[in-house]
Enquirer: 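Below are the structure tokens for one structure; questions will follow.
Heavy-atom basis, side chains included; hydrogens, waters and symmetry copies ignored. Indexing begins at 1, ligand by ligand and atom by atom, following the structure's order. Residues take their numbers from the sequence shown, with the count starting at 1.
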Amino acid sequence: MRLQITICLLLLGCLVFVTCNPIDKNEIPLTEKEWWQTAVFYQIYPRSFKDSDGDGSGDLKGIQSQLSHIKDLGVTAAWLSPIYTSPQVDGGYDIANFTDVDPLYGTLEDFDNLIAEAKKLGLKIVLDFVPNHSSDKHEWFKKSVKRIDPYTNYYVWADAKIVNGTRQPPNNWNSYFKFSAWEWNEERGQYYLHLFAIQQPDLNYRDPNLVKEMKDVLRFWMNRGVAGFRVDIISALGEDEALPDEPLSGNCSPDDYCYLNHIYTEDQPLNYDMVVQWRDVLKEHAAATDKVPRVIMTESYSEIDKTIKYFGNETHDGACFPFNFYIIMGISQSSNAQDLKNVVDNYFNKVPKGRTPNWVLGNHDQHRVADRVGVKRIDGLNMLTMTLPGVAVTYNGEEFGQEDGFVTWEETQDPQAINAGEENYLGATRDPERTPLQWDDSKNAGFSTAEKTWLPVSQKYKETNLKKQKAEKESHYKVYKDLVKLRQADALINGDFSSHVEGSNVLLILRKLNNSKLFLTAINFGDIHEEVDLSKIDKILAENLKIEVSSVGAAQTQGSIVSNGKLHLHPYESYVLSKN
Ligand code: NOJ
Ligand code: MG
């Protein structure tokens, strides 16, 4: 509305005064943003979120019972990791039926109820789309093994290489989870490709029937009301058809994924093309229904130039972005403010014009922020991702700083950890970040009434849980909630952005928009006391600034005034400040 009024006033001004003065760039009314461009996406790991039936695994009814928590956080949408029929070899990323719900999680009816309830609350639901592989228990795979058409070429099959009379895989490719990416199938008399677990055969996107079938999967869930998809490991989708050996990377041991340089199995041209085709399917659906754009968020851990290409080019409009994992990949316990600035700037400078940046702090494949970067840095990092331009993505539990749990070798579920073996599993396991969500300090952290949960509840739950943080005067949860609310401000949506390192370890992010309240995020990323002169960055910062959000335990609380540009920061202390 305000946009239309501004346009009218500008036009009127031009008519009255005949000549138009050139307009300052910042005064040009910005195009209205679509819902997803300013969204916070909240990732739910369904098996660990909330158990409604006491079987020790989270489920859809459990999620529905906690939608009020999600709504309360102020986030835009919940993205659900896979809920589909699955033997659960890889946490549900091994799918035996792409268009049904696993009994572990409930039924399609439960899903419809969840969607309906979310809609009432004004929350959107995004699903995980796993196009690279299915489960070996999928009907398609069973029929492909038997060469029953049209399934014969739904998977990547290849003949054995015979070396000195013995059967060998077609090439040297390795699985992400260690060992050869090829598995011999006696019945078919060929090898099949599995870039992940043996039970996850790779689908073949050179088969037009398969391509169509997977598009129908998208349509199936959109017809049930989903707002978009997170696309699992898009980088692995296609492979070079000639199946050449990959060159050695010079790192790791021969069985490891990192032993090879993945020039024939990652980020192939086919991947970029398929994303464009899926975007069209989503656009068609929006055009035929409520005209609300559906979103695609793609997952890849590739080098930046290859990742950026998943944004598409200027001819591909529509709601689509590749996850920005560069904070996850580039920032650790030993990083400093300059490292953080570099990661932010390098990414930001690569985002193509007109595209929406995004900031991801964690997911179910990465150790929790508390462990990866440090408990004391949780609030500062949430301030950063919530006040940078674009989309923010939060992994469940990070809104109150849940830490990794401890999972013994006997309790281990993650196939990547199992393949690493008992000696090395701790270096490979993703189970610690998947332990049940810590709701309160009752039995099983309020997650389940079961005697045994699918992964153990972390012993830290008495100290770190949502209920406690809701009751506390200051908590990570409250900081998070305040930040999500603050994101509605004009300058945080449309303002320009600059980053600065001051003192020895302070990162400053300035967001400015003409005629709007400005915002400054100040993060002390280190363990020493810092005193910074903000006016060095911008004279205006010497005027009175108001503290909008303070990290837990900070000396200055919400509403305090910082004057003369002199900001004191205790170790790890962080603030978001504003100026009218
Ligand atoms: C990426 C997912 O995030 C991960 O959990 C899974 O193991 C692989 N893709 C295979 O689907
Ligand atoms: Mg359950």
Enquirer: Does atom NZ of K443 have more than 12 heavy-atom neighbours, drawn from other residues, nucleotides or ligands, at distances under 6.0 Å?
Expert: yes
Enquirer: Among residues two or more places apart or on two chains, list those pairs meeting ring-ring contact (aromatic ring centres under 6.0 Å, His included) that have a residue in residues 397-419.
Expert: W409-Y425
Enquirer: side-chain contact (heavy atoms from CB on, under 4.5 Å) with S302: which residues, sequence neighbours excluded?
Expert: S235, D267, S300, K306, T307
Enquirer: Which of parallel (below 30°), tilted (30 to 60°) and perpendicular (above 60°) describes W182 and Y191?
Expert: perpendicular
Enquirer: Give a yes/no on ligand 1: does F177 have at least one heavy atom closer than 4.0 angstrom to it?
Expert: yes
Enquirer: Examine distances only and state if a side-chain atom of N153 and a backbone atom of D207 form a donor-acceptor pair shorter than 3.5 Å.
Expert: no
Enquirer: Measure Q366 to ligand 1 on non-hydrogen atoms and call it side chain, backbone, both or neither using the 4.0 Å cut-off.
Expert: neither
Enquirer: When the ring planes of Y45 and Y395 are compared, do they come out parallel, tilted or perpendicular, using 30° and 60° as the limits?
Expert: perpendicular
Enquirer: Kindly confirm or rule out an N or O of H133 lying under 3.5 angstrom from an N or O of ligand 1.
Expert: yes
Enquirer: Report the part of Y301 (side chain from C-beta onward, or backbone N, CA, C, O) that has a heavy atom under 4.0 Å from ligand 1; answer both or neither where that applies.
Expert: neither
Enquirer: Which of the numbered atoms in ligand 1 are under 4.0 angstrom from any heavy atom belonging to H364?
Expert: 2 (C), 3 (O), 4 (C), 5 (O)
Enquirer: Need the ligand 1 atom indices (1-based, order shown) with element for anything under 4.0 Å from a heavy-atom of R430.
Expert: 4 (C), 5 (O), 6 (C), 7 (O)
Enquirer: Of all the non-hydrogen atoms in the protein, which one sits nearest to atom 8 (C) of ligand 1, and at what distance?
Expert: F196 CE2, 3.7 Å
Enquirer: Would you check if the side chain of Y42 reaches a backbone N or O of G74 as a donor-acceptor pair within less than 3.5 Å?
Expert: no
Enquirer: Give a yes or no on whether E411 atom CD has more than 12 heavy-atom contacts from other residues, nucleotides or ligands under 6.0 Å away.
Expert: yes
Enquirer: Could you label the plane-to-plane angle of the Y176 and F196 rings as parallel, tilted or perpendicular, counting under 30° as parallel and over 60° as perpendicular?
Expert: parallel
Enquirer: Using a 4.0 Å heavy-atom cut-off, which part of R434 comes near ligand 1: side chain, backbone, both, or neither?
Expert: side chain
Enquirer: For Y301, enumerate each residue passing the side-chain contact (heavy atoms from CB on, under 4.5 Å) test, keeping only those at least two apart in sequence or located in another chain.
Expert: E299, F325, M329, N363, D365, Q366
Enquirer: Please identify which atoms of ligand 1 are closer than 4.0 Å to at least one heavy atom of D365.
Expert: 1 (C), 2 (C), 3 (O), 4 (C), 5 (O)
Enquirer: Give the residue and atom name of whichever protein heavy atom lies nearest to atom 9 (N) of ligand 1, and the separation in Å to one decimal.
Expert: D232 OD1, 2.9 Å
Enquirer: Is K212 salt-bridged to D216, going by a charged N under 4.0 Å from an acidic O?
Expert: yes
Enquirer: Return yes when Q416 approaches ligand 1 closer than 4.0 angstrom through a heavy atom, no otherwise.
Expert: no
Enquirer: In plain terms, say whether D441 and K462 are close enough for a salt bridge, that is, a side-chain N and a carboxylate O under 4.0 Å apart.
Expert: no
Enquirer: Tell me how many protein N, O or S atoms are closer than 2.8 Å to the Mg ion (ligand 2).
Expert: 5
Enquirer: Give me the nearest non-hydrogen protein atom to atom 7 (O) of ligand 1 as residue plus atom name, then the distance to 0.1 Å.
Expert: D90 OD2, 2.7 Å
